[in-house]
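Notes follow the structure.
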Amino acid sequence: MSSAEQTRDGVSLTNLDQPLAPDAGASKRDLVDYLDAVHGRLLPWLRGRPLSVVRVLRGQAPFMQKNLPKYTPDWVRRTSVWAEASHRDVSYALCDDRRTLLWFANQRAVEYHPTLSTVDRPGHPTDLVLDLDPPEGADFGVAVAAARLVRQALADVGLAGAVKTSGAKGLHVLVPVDGATSAEEAAAATRALAVRAERLDPALATTAFIREDRGGRVFVDSTRAGGASLVAAFSPRLRPGLPVSYPVGWDDLDAVVPADFTVRTVPALVADRDPWAGLLPPPQPLPADLVEQGRGIPVARVQAMHEGRRRARARRAAQSP
DNA sequence: GTTAAAG
DNA sequence: CTTTAACAACGCTGC
DNA sequence: GCAGCG
Ligand SMILES: [Mn+2]
Ligand SMILES: [Mn+2]
(Lines give C-alpha, C1' and ligand atoms only; values in the text may rest on other atoms or scores of the structure.)
(Ligands and ions follow the chains in the order given, each with its own letter.)
Protein backbone atom coordinates (compact mmCIF):
# COMPACT_ATOMS: atom_id res chain seq x y z
CA MET A 1 0.00 0.00 0.00
CA SER A 2 1.23 3.47 -0.76
CA SER A 3 1.77 5.66 2.25
CA ALA A 4 -0.03 8.94 2.75
CA GLU A 5 3.36 10.56 3.12
CA GLN A 6 6.57 10.46 1.17
CA THR A 7 9.63 12.48 0.22
CA ARG A 8 10.41 13.22 -3.40
CA ASP A 9 13.39 15.23 -4.60
CA GLY A 10 13.89 16.25 -0.97
CA VAL A 11 10.35 17.62 -0.64
CA SER A 12 7.96 16.25 1.98
CA LEU A 13 4.62 15.32 0.51
CA THR A 14 1.81 14.98 3.04
CA ASN A 15 -1.81 13.82 3.26
CA LEU A 16 -1.68 12.36 -0.22
CA ASP A 17 -4.90 10.41 0.11
CA GLN A 18 -7.06 13.40 0.91
CA PRO A 19 -9.51 14.49 -1.76
CA LEU A 20 -8.31 17.63 -3.49
CA ALA A 21 -11.70 19.33 -3.52
CA PRO A 22 -15.32 18.18 -3.28
CA ASP A 23 -15.96 18.13 -7.05
CA ALA A 24 -12.44 17.67 -8.37
CA GLY A 25 -12.73 13.90 -8.54
CA ALA A 26 -9.07 13.59 -7.67
CA SER A 27 -6.85 13.20 -4.64
CA LYS A 28 -3.87 15.25 -3.63
CA ARG A 29 -1.77 12.30 -4.79
CA ASP A 30 -3.33 12.59 -8.24
CA LEU A 31 -2.23 16.23 -8.39
CA VAL A 32 1.30 15.51 -7.19
CA ASP A 33 1.76 12.57 -9.54
CA TYR A 34 0.39 14.51 -12.50
CA LEU A 35 2.64 17.51 -11.96
CA ASP A 36 5.65 15.28 -11.51
CA ALA A 37 4.78 13.30 -14.63
CA VAL A 38 4.58 16.42 -16.82
CA HIS A 39 7.18 18.59 -15.10
CA GLY A 40 9.43 18.36 -18.16
CA ARG A 41 6.73 19.97 -20.33
CA LEU A 42 5.33 22.40 -17.75
CA LEU A 43 8.52 23.87 -16.31
CA PRO A 44 9.67 25.55 -19.54
CA TRP A 45 6.56 27.76 -19.31
CA LEU A 46 7.12 28.60 -15.65
CA ARG A 47 10.88 29.09 -15.60
CA GLY A 48 11.96 32.65 -14.87
CA ARG A 49 8.42 34.02 -14.78
CA PRO A 50 6.74 35.52 -11.71
CA LEU A 51 4.16 32.92 -10.74
CA SER A 52 0.63 33.10 -9.38
CA VAL A 53 -1.06 29.90 -8.24
CA VAL A 54 -4.56 28.86 -7.30
CA ARG A 55 -4.54 26.79 -4.13
CA VAL A 56 -7.35 24.85 -2.53
CA LEU A 57 -7.06 23.70 1.07
CA ARG A 58 -9.27 21.10 2.70
CA GLY A 59 -12.77 22.45 3.22
CA GLN A 60 -11.89 25.97 2.18
CA ALA A 61 -12.67 28.13 -0.81
CA PRO A 62 -9.92 28.25 -3.46
CA PHE A 63 -7.75 31.34 -3.49
CA MET A 64 -5.14 32.87 -5.75
CA GLN A 65 -1.70 33.32 -4.23
CA LYS A 66 0.90 35.68 -5.59
CA ASN A 67 2.97 36.70 -2.59
CA LEU A 68 4.91 33.76 -1.15
CA PRO A 69 4.09 32.77 2.44
CA LYS A 70 6.66 33.61 5.13
CA TYR A 71 7.36 29.94 5.69
CA THR A 72 8.48 29.32 2.08
CA PRO A 73 11.83 27.47 2.04
CA ASP A 74 14.74 29.66 1.07
CA TRP A 75 15.64 27.45 -1.91
CA VAL A 76 12.51 28.64 -3.73
CA ARG A 77 13.75 31.30 -6.14
CA ARG A 78 11.73 34.50 -6.02
CA THR A 79 11.55 38.03 -7.30
CA SER A 80 10.20 41.08 -5.56
CA VAL A 81 7.82 43.25 -7.56
CA TRP A 82 6.29 46.54 -6.48
CA ALA A 83 2.48 46.28 -6.61
CA GLU A 84 0.89 49.61 -7.36
CA ALA A 85 -2.57 48.35 -6.35
CA SER A 86 -1.71 47.37 -2.78
CA HIS A 87 1.27 49.70 -2.40
CA ARG A 88 3.65 46.98 -1.26
CA ASP A 89 6.29 44.58 -2.48
CA VAL A 90 5.00 41.22 -3.66
CA SER A 91 7.43 38.31 -3.55
CA TYR A 92 6.65 36.13 -6.57
CA ALA A 93 7.99 32.61 -6.91
CA LEU A 94 10.02 31.64 -9.96
CA CYS A 95 9.21 27.97 -10.42
CA ASP A 96 12.43 26.92 -12.10
CA ASP A 97 12.77 23.29 -11.14
CA ARG A 98 11.04 20.07 -10.20
CA ARG A 99 11.68 20.53 -6.50
CA THR A 100 9.86 23.87 -6.44
CA LEU A 101 6.98 22.43 -8.44
CA LEU A 102 6.67 19.55 -5.98
CA TRP A 103 6.70 22.02 -3.10
CA PHE A 104 3.81 23.92 -4.71
CA ALA A 105 1.99 20.64 -5.30
CA ASN A 106 2.24 19.83 -1.61
CA GLN A 107 0.87 23.32 -0.94
CA ARG A 108 -2.17 22.21 -2.95
CA ALA A 109 -1.40 24.64 -5.73
CA VAL A 110 -3.58 23.34 -8.56
CA GLU A 111 -3.35 26.10 -11.18
CA TYR A 112 -0.14 27.71 -12.43
CA HIS A 113 -0.38 31.21 -13.90
CA PRO A 114 2.97 32.68 -15.02
CA THR A 115 3.34 36.22 -16.37
CA LEU A 116 3.88 36.86 -20.07
CA SER A 117 7.37 38.28 -19.55
CA THR A 118 10.35 36.76 -17.82
CA VAL A 119 12.12 38.34 -14.87
CA ASP A 120 15.20 38.83 -17.06
CA ARG A 121 13.32 41.09 -19.45
CA PRO A 122 10.45 42.77 -17.64
CA GLY A 123 8.30 44.81 -19.96
CA HIS A 124 9.10 42.51 -22.89
CA PRO A 125 6.45 39.80 -23.24
CA THR A 126 7.40 36.62 -25.06
CA ASP A 127 3.95 36.16 -26.56
CA LEU A 128 0.75 37.93 -27.51
CA VAL A 129 -2.36 36.24 -26.18
CA LEU A 130 -5.86 36.34 -27.60
CA ASP A 131 -8.07 34.82 -24.98
CA LEU A 132 -11.35 33.43 -26.29
CA ASP A 133 -14.12 33.25 -23.72
CA PRO A 134 -17.36 31.66 -24.94
CA PRO A 135 -20.60 32.82 -23.31
CA GLU A 136 -22.27 30.87 -20.52
CA GLY A 137 -23.64 27.56 -21.75
CA ALA A 138 -22.23 27.85 -25.25
CA ASP A 139 -20.91 24.93 -27.25
CA PHE A 140 -17.12 24.59 -27.50
CA GLY A 141 -17.59 24.85 -31.26
CA VAL A 142 -18.17 28.60 -31.04
CA ALA A 143 -14.82 29.04 -29.31
CA VAL A 144 -13.22 27.06 -32.12
CA ALA A 145 -14.94 29.22 -34.72
CA ALA A 146 -13.72 32.37 -32.94
CA ALA A 147 -10.20 30.97 -32.83
CA ARG A 148 -10.33 30.58 -36.60
CA LEU A 149 -11.28 34.25 -36.91
CA VAL A 150 -8.20 35.13 -34.88
CA ARG A 151 -6.09 32.87 -37.08
CA GLN A 152 -7.38 34.67 -40.16
CA ALA A 153 -6.77 38.08 -38.58
CA LEU A 154 -3.21 36.99 -37.85
CA ALA A 155 -2.70 35.69 -41.38
CA ASP A 156 -4.03 38.98 -42.78
CA VAL A 157 -1.09 40.81 -41.22
CA GLY A 158 1.48 38.10 -41.88
CA LEU A 159 1.54 36.57 -38.40
CA ALA A 160 1.09 33.01 -37.16
CA GLY A 161 -0.14 31.66 -33.85
CA ALA A 162 -0.73 28.45 -31.98
CA VAL A 163 -3.74 27.44 -29.93
CA LYS A 164 -4.30 25.65 -26.65
CA THR A 165 -7.36 24.89 -24.60
CA SER A 166 -7.60 27.03 -21.49
CA GLY A 167 -8.66 23.94 -19.60
CA ALA A 168 -11.98 25.58 -18.84
CA LYS A 169 -14.37 26.40 -21.69
CA GLY A 170 -12.30 28.56 -24.01
CA LEU A 171 -9.10 28.76 -26.00
CA HIS A 172 -5.88 30.73 -25.92
CA VAL A 173 -4.18 31.79 -29.13
CA LEU A 174 -0.47 32.40 -28.54
CA VAL A 175 1.68 34.49 -30.85
CA PRO A 176 5.40 34.32 -30.00
CA VAL A 177 6.97 37.75 -30.50
CA ASP A 178 10.62 38.73 -30.76
CA GLY A 179 12.68 40.39 -28.06
CA ALA A 180 12.28 43.85 -29.53
CA THR A 181 8.58 43.89 -28.64
CA SER A 182 7.62 46.12 -25.72
CA ALA A 183 4.60 45.53 -23.50
CA GLU A 184 2.96 48.67 -24.88
CA GLU A 185 3.41 47.47 -28.46
CA ALA A 186 2.17 44.00 -27.57
CA ALA A 187 -0.94 45.40 -25.89
CA ALA A 188 -1.71 47.63 -28.85
CA ALA A 189 -1.20 44.85 -31.40
CA THR A 190 -3.37 42.48 -29.35
CA ARG A 191 -6.16 45.06 -29.29
CA ALA A 192 -5.89 45.53 -33.04
CA LEU A 193 -6.00 41.80 -33.69
CA ALA A 194 -9.04 41.38 -31.44
CA VAL A 195 -10.92 44.10 -33.31
CA ARG A 196 -9.89 42.61 -36.65
CA ALA A 197 -11.19 39.19 -35.58
CA GLU A 198 -14.44 40.75 -34.38
CA ARG A 199 -14.92 42.50 -37.74
CA LEU A 200 -14.50 39.21 -39.61
CA ASP A 201 -17.72 37.95 -38.00
CA PRO A 202 -19.43 40.40 -35.63
CA ALA A 203 -22.27 37.95 -35.07
CA LEU A 204 -19.89 35.41 -33.58
CA ALA A 205 -17.19 37.43 -31.84
CA THR A 206 -17.14 40.58 -29.72
CA THR A 207 -14.56 42.74 -27.99
CA ALA A 208 -17.15 44.12 -25.53
CA PHE A 209 -15.60 44.25 -22.08
CA ILE A 210 -18.97 44.40 -20.29
CA ARG A 211 -20.59 40.97 -20.17
CA GLU A 212 -24.07 42.37 -20.74
CA ASP A 213 -22.94 43.86 -24.02
CA ARG A 214 -21.63 40.58 -25.45
CA GLY A 215 -25.02 39.29 -26.55
CA GLY A 216 -24.17 35.59 -26.52
CA ARG A 217 -21.01 36.09 -28.58
CA VAL A 218 -17.48 34.89 -27.87
CA PHE A 219 -15.41 37.48 -26.03
CA VAL A 220 -12.12 38.08 -27.84
CA ASP A 221 -10.23 39.22 -24.76
CA SER A 222 -7.20 41.37 -25.51
CA THR A 223 -6.54 42.25 -21.86
CA ARG A 224 -4.19 39.32 -21.24
CA ALA A 225 -1.25 41.64 -21.84
CA GLY A 226 1.15 43.78 -19.88
CA GLY A 227 1.38 42.69 -16.26
CA ALA A 228 -1.27 40.00 -16.61
CA SER A 229 -0.70 36.30 -16.09
CA LEU A 230 -2.03 33.39 -18.12
CA VAL A 231 -2.66 29.84 -17.07
CA ALA A 232 0.26 27.81 -18.41
CA ALA A 233 -0.07 25.04 -20.94
CA PHE A 234 -0.12 21.71 -19.02
CA SER A 235 -1.44 23.39 -15.87
CA PRO A 236 -4.48 21.70 -14.34
CA ARG A 237 -7.62 23.74 -13.73
CA LEU A 238 -9.63 23.54 -10.53
CA ARG A 239 -12.81 22.11 -12.05
CA PRO A 240 -14.51 18.73 -12.08
CA GLY A 241 -12.13 16.08 -13.42
CA LEU A 242 -9.11 18.41 -13.24
CA PRO A 243 -8.90 19.34 -16.92
CA VAL A 244 -5.58 20.60 -18.25
CA SER A 245 -4.69 23.48 -20.57
CA TYR A 246 -3.39 21.67 -23.63
CA PRO A 247 -2.01 22.51 -27.12
CA VAL A 248 -4.14 21.58 -30.11
CA GLY A 249 -3.24 21.75 -33.77
CA TRP A 250 -5.40 24.08 -35.86
CA ASP A 251 -6.56 21.11 -37.91
CA ASP A 252 -7.46 19.10 -34.83
CA LEU A 253 -9.71 21.66 -33.18
CA ASP A 254 -12.90 20.09 -34.49
CA ALA A 255 -11.91 16.70 -33.14
CA VAL A 256 -11.42 17.63 -29.50
CA VAL A 257 -13.21 19.04 -26.47
CA PRO A 258 -11.48 20.54 -23.41
CA ALA A 259 -12.51 17.57 -21.27
CA ASP A 260 -10.35 15.28 -23.43
CA PHE A 261 -7.32 16.66 -21.59
CA THR A 262 -7.19 15.92 -17.88
CA VAL A 263 -4.66 14.94 -15.25
CA ARG A 264 -5.62 11.35 -16.05
CA THR A 265 -5.15 11.49 -19.82
CA VAL A 266 -2.34 13.99 -20.42
CA PRO A 267 0.64 12.10 -18.95
CA ALA A 268 0.30 9.42 -21.61
CA LEU A 269 -0.06 12.07 -24.33
CA VAL A 270 3.18 13.82 -23.42
CA ALA A 271 5.27 10.81 -22.43
CA ASP A 272 6.96 10.32 -25.80
CA ARG A 273 6.45 13.62 -27.58
CA ASP A 274 6.11 17.38 -27.12
CA PRO A 275 2.56 18.36 -28.09
CA TRP A 276 3.83 21.82 -29.09
CA ALA A 277 6.17 20.27 -31.67
CA GLY A 278 5.42 21.71 -35.08
CA LEU A 279 2.67 23.96 -33.71
CA LEU A 280 4.46 26.94 -32.16
CA PRO A 281 5.83 29.39 -34.71
CA PRO A 282 9.20 31.05 -33.99
CA PRO A 283 9.22 34.51 -32.35
CA GLN A 284 8.00 37.11 -34.84
CA PRO A 285 8.42 40.87 -35.16
CA LEU A 286 5.18 42.86 -34.97
CA PRO A 287 4.17 44.80 -38.08
CA ALA A 288 4.46 48.50 -37.26
CA ASP A 289 1.14 49.35 -38.86
CA LEU A 290 -0.65 46.77 -36.72
CA VAL A 291 0.80 48.34 -33.57
CA GLU A 292 -0.17 51.77 -34.85
CA GLN A 293 -3.71 50.62 -35.53
CA GLY A 294 -3.94 49.25 -32.00
CA ARG A 295 -2.82 52.55 -30.47
CA GLY A 296 -5.81 54.17 -32.10
CA ILE A 297 -8.34 51.80 -30.56
CA PRO A 298 -10.15 53.26 -27.54
CA VAL A 299 -10.19 51.16 -24.41
CA ALA A 300 -13.70 49.95 -23.67
CA ARG A 301 -13.07 49.70 -19.96
CA VAL A 302 -13.19 53.44 -19.43
CA GLN A 303 -16.81 53.71 -20.49
CA ALA A 304 -17.69 50.72 -18.34
CA MET A 305 -16.15 52.34 -15.30
CA HIS A 306 -18.23 55.50 -15.65
CA GLU A 307 -21.48 53.60 -15.77
CA GLY A 308 -20.56 51.27 -12.92
CA ARG A 309 -19.57 54.24 -10.83
CA ARG A 310 -22.92 55.89 -11.41
CA ARG A 311 -24.73 52.68 -10.52
CA ALA A 312 -22.77 52.25 -7.29
CA ARG A 313 -23.55 55.84 -6.31
CA ALA A 314 -27.25 55.31 -7.00
CA ARG A 315 -27.20 52.10 -4.97
CA ARG A 316 -25.70 53.89 -2.01
CA ALA A 317 -28.16 56.77 -2.27
CA ALA A 318 -31.11 54.38 -2.34
CA GLN A 319 -29.91 52.52 0.75
CA SER A 320 -29.12 55.40 3.12
CA PRO A 321 -32.14 57.66 3.72
C1' DG B 1 -0.49 24.21 4.69
C1' DT B 2 1.56 26.63 8.26
C1' DT B 3 1.93 29.50 12.17
C1' DA B 4 0.44 31.85 16.29
C1' DA B 5 -2.92 32.61 19.60
C1' DA B 6 -6.43 30.81 22.54
C1' DG B 7 -8.48 27.14 25.44
C1' DC C 1 -0.88 19.79 24.58
C1' DT C 2 -4.69 20.49 21.51
C1' DT C 3 -7.92 23.22 19.13
C1' DT C 4 -9.02 27.39 16.53
C1' DA C 5 -8.28 31.30 13.75
C1' DA C 6 -6.02 33.95 10.40
C1' DC C 7 -3.81 34.16 6.23
C1' DA C 8 -3.26 33.57 1.13
C1' DA C 9 -4.61 39.10 -5.70
C1' DC C 10 -3.36 42.22 -8.90
C1' DG C 11 -3.44 44.80 -13.61
C1' DC C 12 -5.87 47.67 -16.35
C1' DT C 13 -7.99 52.92 -16.93
C1' DG C 14 -9.47 57.54 -15.59
C1' DC C 15 -11.83 60.08 -12.39
C1' DG D 1 -9.64 53.86 -4.15
C1' DC D 2 -12.90 52.25 -7.17
C1' DA D 3 -15.89 49.83 -11.19
C1' DG D 4 -15.75 45.72 -14.10
C1' DC D 5 -13.43 41.58 -15.64
C1' DG D 6 -10.25 37.86 -15.82
MN1 LIG E 1 -10.25 32.67 -20.96
MN1 LIG F 1 -10.62 36.28 -20.58
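Chain letters run A, B, ... following the sequence lines, proteins first and then strands; every chain starts at 1.
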**Item:** Pairwise C1' distance for D/dC5 and C/dA9, with rounding to whole Å
**Value:** 14 Å
**Message:** Quick test of your reading of the model: are A/Asp254 and A/Arg148 salt-bridged, counting only N-O distances below 4.0 Å?
**Reply:** yes
**Message:** Distance check needed: D/dG6 P versus A/Lys169 NZ, whole Å only.
**Reply:** 11 Å
**Fill in**
Taking every heavy atom of A/Arg214 against every heavy atom of A/Phe209, the minimum-distance pair comes out as NH2-O, 2.8 Å
**Request:** Check the distance between D/dC5's C1' and A/Asp213's CG and give it to me in whole angstrom.
**Result:** 13 Å
**Message:** Can you see if the side chain of A/Arg224 gets near the phosphate of C/dC10 - specifically, an N or O under 4.0 Å from OP1 or OP2?
**Reply:** no
**Asked** Touch check for A/Ser86, heavy atoms < 4.0 angstrom, all strands: base, sugar-phosphate only, or nothing?
**Response** sugar-phosphate
**Request:** Could you check whether A/Ser229 gets within reach of a base, just the sugar-phosphate, or nothing at all, counting any heavy atom under 4.0 Å?
**Result:** nothing
**Request:** Taking atom P in both C/dC10 and B/dT3, compute the distance separating them and give it to the nearest angstrom.
**Result:** 22 Å
**Request:** Using a strict cut-off of less than 4.0 Å between a Lys/Arg side-chain nitrogen and an Asp/Glu carboxylate oxygen, indicate whether A/Glu198 and A/Arg217 qualify as a salt bridge.
**Result:** no
**A/Asp36 and its salt bridge (charged side-chain N to carboxylate O under 4.0 Å, His left out) partner, picked from A/Arg99, A/Arg41, A/Arg98, A/Arg29** = A/Arg98
**Request:** Identify, residue by residue, the members of residues 54-64 of chain A with a heavy atom below 4.0 Å from DNA chain C, and return them in order of residue number, or none.
**Result:** A/Leu57, A/Gln60, A/Phe63, A/Met64
**Atom of A/Ser166, atom of A/Arg237 and distance for their closest heavy-atom approach** = O-NH1, 2.7 Å
**Options C/dA9, D/dC5, C/dG11, nucleotide nearest the side-chain atoms of A/Ile210** = D/dC5
**Message:** Work out how far the C1' atom of B/dA4 is from that of C/dA8, and round it to whole angstrom.
**Reply:** 16 Å
**Item:** Which atom of A/Ala233 lies closest to which atom of A/Leu42, heavy atoms considered
**Value:** O-CD1, 3.4 Å
**Request:** Among the candidates D/dG4, D/dG6, C/dA8, find the nucleotide nearest to the side-chain atoms of A/Gln65.
**Result:** C/dA8
**Asked** Between D/dG6 and A/Arg211, is there an OP1 or OP2 to side-chain N/O distance shorter than 4.0 Å?
**Response** yes
**Message:** Under 4.0 Å from OP1 or OP2 of C/dA8: is there any side-chain N or O of A/Arg108 that close?
**Reply:** no
**Message:** Checking side-chain polar atoms at under 3.5 Å, does A/Gln293 have a donor or acceptor matched by the opposite partner on A/Arg295?
**Reply:** no
**Asked** Is the closest basic N to carboxylate O distance between A/Asp33 and A/Arg8 below 4.0 Å?
**Response** yes
**Asked** Just the endpoints, please: which first and last nucleotides of DNA chain B, 5' to 3', lie under 4.0 Å from a heavy atom of chain A?
**Response** B/dG1 to B/dT3
**Request:** Would you name the heavy atoms of A/Ala259 and A/Thr262 that are closest together and state the gap between them?
**Result:** O-CG2, 3.4 Å
**Request:** Would you indicate what A/Arg191 reaches in the nucleic acid, counting non-hydrogen atoms under 4.0 angstrom: base, sugar-phosphate, or nothing?
**Result:** nothing
**Message:** Base, sugar-phosphate or nothing for A/Ala228? Non-hydrogen atoms, less than 4.0 Å.
**Reply:** nothing
